[in-house]
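Computation of the quantities below employed the complete heavy-atom set of this structure, encompassing side-chain atoms and omitting hydrogens, waters and symmetry-equivalent molecules.
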Amino acid sequence: MKKRMWLLLFLIVLAALDVIGMDRLRLNAAASASTDDKDGTDSSAQNRQTEAACNDGVPPEEVSAVIREELKFFPIPQSLSNPDYEAYFDDSWMSKRTFGGERGHEGTDIMLDPDERGLFPVLSMTDGVVEKKGWLPQGGYRLGIRSSGGIYYYYAHLYDYAQDMEPGTTVVAGQLLGFAGDSGYSNIEGTVGNFPVHLHVGIYYNDARGAETAVNPYPFLLSLEKVIIDY
């Protein structure tokens with residue numbers, strides 16, 4: 001009788017452990033699925049925040065090598081006609097942002113002086129193909145360029161786009177993409193004025209699991225020389 005009771009108890013414990021194990025598998029599967037966002041945005045998917053917060057922004061060396069090879073131009077050129085115009089930036093990686101929920105900043109903000117939307121041209125840093133165009137609540141009007149090396153370069157808060165800049169358009173490094181602005185931080189398309197004029201630059205790659213992963217653009221931007229053109 002006692003043996004039967006112990007056996008029954010043992011089977012009940014095994015069944016309980018099996019249920020717990022299955023629940024954990026379901027949670028892990030749900031967590032993996034929740035990070036499947038391919039839009040390369042300024043933390044636009046809330047379900048990416050935990051993973052992003054753990055990312056130090058330093059990609060594997062093989063990815064860094066691809067980015068270094070692809071980057072040709074600083075995205076904001078210097079003005080020959082207006083030498084007092086300034087573009088400056090610092091390392092704001094994972095600094096706190098709150099619009100759309102508390103999150104870390106997945107990029108580098110290039111601040112502009114004068115603070116005037118539509119004044120500063122935005123150039124493509126690389127060759128590539130336009131993959132994304134349009135409004136995002138956090139990024140405002142944005143463009144996403146996919147390079148031949150598979151890296152996604154993200155330009156946000158634009159004022160306007162260059163002519164014929166559409167998904168599928170092939171671009172070359174140094175080509176005009178649009179003009180810097182202050183669009184975004186609203187679900188209403190066209191909203192401006194919620195922050196100073198600047199260009200948000202993001203860089204993303206797909207890791208070994210296929211998950212979109214943000215790179216800290218700051219050290220890469222430091223290595224670029226500005227282009228001097230007349231505007």
Side-chain angles (χ1 to χ4, degrees), residues 28-77 87-95 97 103-110 122-133 136 138-139 142-158 165 167-175 177 199-227:
N28 289 338
S32 296
S34 71
T35 61
D36 187 22
D37 172 62
K38 300 301 180 188
D39 196 29
T41 67
D42 182 9
S43 300
S44 66
Q46 293 302 311
N47 51 25
R48 296 173 58 222
Q49 295 314 302
T50 300
E51 185 169 331
C54 298
N55 179 9
D56 62 6
V58 180
E61 178 51 39
E62 59 269 24
V63 176
S64 292
V66 172
I67 296 172
R68 286 194 297 267
E69 182 178 357
E70 291 181 339
L71 290 174
K72 304 299 182 186
F73 294 108
F74 193 78
I76 302 292
Y88 53 96
F89 61 99
D90 57 20
D91 189 356
S92 59
W93 177 253
M94 284 298 145
S95 59
R97 298 291 188 270
R103 57 196 168 84
H105 187 233
E106 291 182 10
T108 296
D109 288 337
I110 302 176
V122 175
L123 308 181
S124 181
M125 299 182 291
T126 68
D127 298 342
V129 176
V130 177
E131 186 172 294
K132 299 285 185 178
K133 175 188 176 182
L136 289 174
Q138 291 173 352
R142 84 355 182 144
L143 276 177
I145 308 294
R146 182 74 65 179
S147 72
S148 60
I151 309 300
Y152 186 87
Y153 297 93
Y154 172 65
Y155 305 82
H157 308 309
L158 299 177
M165 195 60 56
T169 299
T170 299
V171 299
V172 297
Q175 183 173 338
L177 299 179
L199 174 67
H200 171 97
V201 174
I203 301 177
Y204 295 81
Y205 72 99
N206 291 332
D207 67 14
R209 299 173 300 142
E212 187 177 71
T213 305
V215 172
N216 184 358
Y218 178 74
F220 296 101
L221 289 172
L222 282 177
S223 68
L224 294 176
E225 293 186 359
K226 295 182 181 180
V227 183

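- Contact annotation: the side chain of Phe89 approaches that of Leu222 to within less than 4.5 Å [non-hydrogen atoms, C-beta and beyond].
- A 4.5 Å side-chain heavy-atom check between Val201 and Met125 finds at least one atom pair inside the cut-off.
- The shortest distance between side-chain heavy atoms of Leu71 and Leu221 does not fall below 4.5 Å.
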- [ ] For Arg97 and Gln138, run side-chain contact (heavy atoms from CB on, under 4.5 Å): C-alpha distance rounded to whole Å, both residues' side-chain angles, the deciding distance at 0.1 Å, then the answer.
- [x] CA-CA 10 Å; Arg97 298 291 188 270; Gln138 291 173 352; over 6 Å; no
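- In terms of heavy atoms, Ala156 sits closest to Arg142 at CA-CB, 3.9 Å.
- Checking side-chain atoms of Lys133 against main-chain N and O of Met165 turns up a donor-acceptor pair under 3.5 Å.
- Note that the NE2 atom of His200 and the CG atom of Leu158 stand 11.0 Å from one another [nearest 0.5 Å].
- Between Tyr153 and Phe220, the ring centre distance reaches or exceeds 6.0 Å.
- Looking at heavy atoms from C-beta onward, Val171 lies out of side-chain contact with Val129 at the 4.5 angstrom threshold.
- Between Asp90 and Thr108, the shortest heavy-atom contact is O-CG2, 3.8 Å.
- Counting only N and O atoms by type, the side chains of Glu106 and Tyr154 include no donor and acceptor under 3.5 Å apart.
- Between the side chain of Ser147 and the main chain of Ile145, no donor-acceptor pair closer than 3.5 Å is present.
- Between the Ser124 side chain and the Gln175 main chain, no donor and acceptor come within less than 3.5 Å of each other.
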